[in-house]
Amino acid sequence: MAAATACRLSAICRQFQRVITISSPVNAQRSSQALVSYHSCLQRQNDLFRSSRPSQCRLLHTSSSRWGLEEFFDLPENWGETTVKSGAPWTAKQLRAKSNEDLHKLWYVLLKEKNMLFTIEQEAKRQRVQMPSPERIKKVERSMWRLDTVVKEREDALRLLQTGQEKGRPGEWRRNVFGKTFWYRFREHPIPWYMNRRYKRKRFYTPPFVAPYTRLSLEKHLRSKARREAREKRKQQKLSEMFPKNTAKA
């Protein structure tokens, strides 16, 4: 398309150069005739260019206006309010019904909202006041997590259809010498595995005397999880006692 346009422009320039080179007044009539033919040729070139140009092509592309730092703050009508109304987070069912383009746009909308809420939270900490409706941050984070999950589901389904592999990099579940189960991703090596000393140093098995310690490790993990949940519950109870009017459910 660009090469054809350049050829047309060069041809028009050569015709115009022949028209304006008038050697003497005797050639005035010839030059006027050439000028008329030049205008007709130019009209034909423009008609040909319009007919050959695709209907969906745009000669000028304009983007939306860009705003300043006020985009990092909440709307002016919400300033000074103790509670701000907000909708429910996006569900996975709603996100699965959208196209990839809509999910891409929604991701940046949520990212912009998350940055704005973080700015409000930091400003509330600086002024030592409570942030209005802090549950909005969790709603946005939950929506972004679900959106990322839906995108990964589509990528896995496409990969499974094209290559038959569930994950982007093939591998398998293995156990190390400490009894921990982890996902081992396969790699390409220039030499076979039985000649690779570095690979042979990795021990993908669990000795029998490690079994009691595996049980103790699982017990430690469950106890730490229970303590963390109890700590979070006490924290929420303390906050509800300090701010009884601002504990409305979202």
Side-chain angles (χ1 to χ4, degrees), residues 88-118 121-122 134-239 250:
W90 288 88
T91 61
K93 184 178 180 180
Q94 295 173 347
L95 295 174
R96 290 190 182 99
K98 293 186 174 295
S99 62
N100 293 333
E101 184 178 359
D102 293 340
L103 291 180
H104 185 77
K105 295 178 181 179
L106 181 60
W107 174 266
Y108 283 100
V109 171
L110 293 174
L111 181 62
K112 180 180 176 181
E113 184 74 13
K114 183 179 179 181
N115 292 335
M116 185 266 292
L117 293 176
F118 281 162
E121 183 183 21
Q122 187 65 26
E135 69 277 359
R136 292 182 291 172
I137 298 179
K138 292 186 178 180
K139 290 182 180 181
V140 173
E141 290 179 348
R142 195 177 298 116
S143 300
M144 295 180 71
W145 179 79
R146 291 172 180 171
L147 194 151
D148 192 21
T149 303
V150 172
V151 172
K152 288 182 179 179
E153 288 178 357
R154 295 184 181 183
E155 292 179 354
D156 295 342
L158 181 61
R159 189 187 309 108
L160 189 62
L161 180 63
Q162 293 179 347
T163 63
Q165 297 178 1
E166 184 178 359
K167 295 186 177 293
R169 187 172 175 179
E172 63 180 4
W173 292 101
R174 295 186 178 182
R175 281 180 172 269
N176 56 10
V177 292
F178 301 104
K180 301 293 184 180
T181 305
F182 67 99
W183 177 260
Y184 178 78
R185 297 185 295 178
F186 296 148
R187 304 176 184 177
E188 294 184 358
H189 298 280
I191 56 178
W193 66 271
Y194 54 84
M195 298 176 59
N196 193 344
R197 297 181 179 178
R198 184 177 180 182
Y199 179 80
K200 292 172 67 175
R201 284 198 300 266
K202 298 179 180 179
R203 302 175 181 178
F204 301 106
Y205 65 91
T206 303
F209 59 84
V210 182
Y213 299 99
T214 304
R215 181 182 58 82
L216 293 176
S217 177
L218 178 60
E219 184 179 354
K220 179 181 178 181
H221 171 70
L222 294 177
R223 286 184 177 181
S224 61
K225 181 180 178 180
R227 286 195 298 268
R228 185 167 58 253
E229 292 177 354
R231 192 186 314 115
E232 184 67 21
K233 186 176 181 180
R234 289 195 300 269
K235 180 180 177 181
Q236 294 295 334
Q237 184 178 2
K238 185 177 181 181
L239 289 175

Chemist: Just how far is it from atom NZ of Lys138 to atom OG of Ser143, taken to the nearest 0.5 Å?
Modeler: 14.0 Å

Chemist: Quick one: NZ on Lys180 to OG1 on Thr206, what's the gap to the nearest 0.5 Å?
Modeler: 10.5 Å

Chemist: Run the numbers on Glu229 and Lys233 for salt bridge (Lys or Arg N to Asp or Glu O under 4.0 Å), then give the verdict.
Modeler: CA-CA 6 Å; Glu229 292 177 354; Lys233 186 176 181 180; over 6 Å; no

Chemist: Which value, rounded to the nearest 0.5 Å, describes the distance between Asp156 atom CG and Arg159 atom CZ?
Modeler: 5.0 Å

Chemist: Take atom CZ of Phe178 as the centre, draw a 6.0 Å sphere, and report whether it contains more than 12 heavy atoms from other residues, nucleotides or ligands.
Modeler: no

Chemist: Measure the spacing between CG of Leu216 and NE2 of His221 and express it to the nearest 0.5 Å.
Modeler: 14.5 Å

Chemist: Roughly how far apart are Glu113 CD and Arg136 CZ, rounded to 0.5 Å?
Modeler: 7.0 Å

Chemist: Going by side-chain contact (heavy atoms from CB on, under 4.5 Å), Trp90 matches just one of Arg142, Met144, Lys98. Which one?
Modeler: Lys98

Chemist: Using side-chain contact (heavy atoms from CB on, under 4.5 Å) as the criterion, list what pairs up with Trp173, not counting sequence neighbours.
Modeler: Thr181, Trp183

Chemist: Can you establish whether the number of heavy atoms outside Tyr194 located under 6.0 Å from its atom OH is more than 12?
Modeler: no

Chemist: Crowded around His104 NE2? As in, over 12 foreign heavy atoms under 6.0 Å?
Modeler: no

Chemist: For Glu172, give me all partners under side-chain hydrogen bond (donor to acceptor under 3.5 Å, both in side chains), at least two apart in sequence or on another chain.
Modeler: Arg174

Chemist: Side chains of Trp107 and Leu103: closer than 4.5 Å at any heavy-atom pair?
Modeler: no

Chemist: When you measure from the side chain of Arg154 to the backbone of Arg96, do you find a donor-acceptor pair of N or O atoms at a distance under 3.5 Å?
Modeler: yes

Chemist: Take atom NZ in Lys202; do more than 12 heavy atoms of anything else shown fall under 6.0 Å from it?
Modeler: yes

Chemist: For the atom pair CZ (Arg231) and OG (Ser224), what is the distance rounded to the nearest 0.5 Å?
Modeler: 9.0 Å

Chemist: Shortest non-hydrogen contact from Arg146 to Leu95?
Modeler: C-CD1, 3.7 Å

Chemist: Report yes if some heavy atom in the side chain of Lys220 is under 4.5 Å from a heavy atom in the side chain of Arg223; otherwise report no.
Modeler: no

Chemist: Search all heavy atoms of Asn196 against all heavy atoms of Ile191 and return the closest pair with its distance.
Modeler: CA-CD1, 3.7 Å

Chemist: Indicate the ring-plane relationship of Trp193 and Tyr199, choosing parallel, tilted or perpendicular according to the 30° and 60° boundaries.
Modeler: perpendicular

Chemist: Should the heavy atoms of other residues, nucleotides or ligands under 6.0 Å from CZ of Arg198 be counted, would the total exceed 12?
Modeler: no

Chemist: Quick one, Lys225 with Arg228, criterion side chain to side chain contact (heavy atoms under 4.5 Å, CB included). Give me CA distance, side-chain angles, the key distance, then yes/no.
Modeler: CA-CA 5 Å; Lys225 181 180 178 180; Arg228 185 167 58 253; 3.8 Å; yes

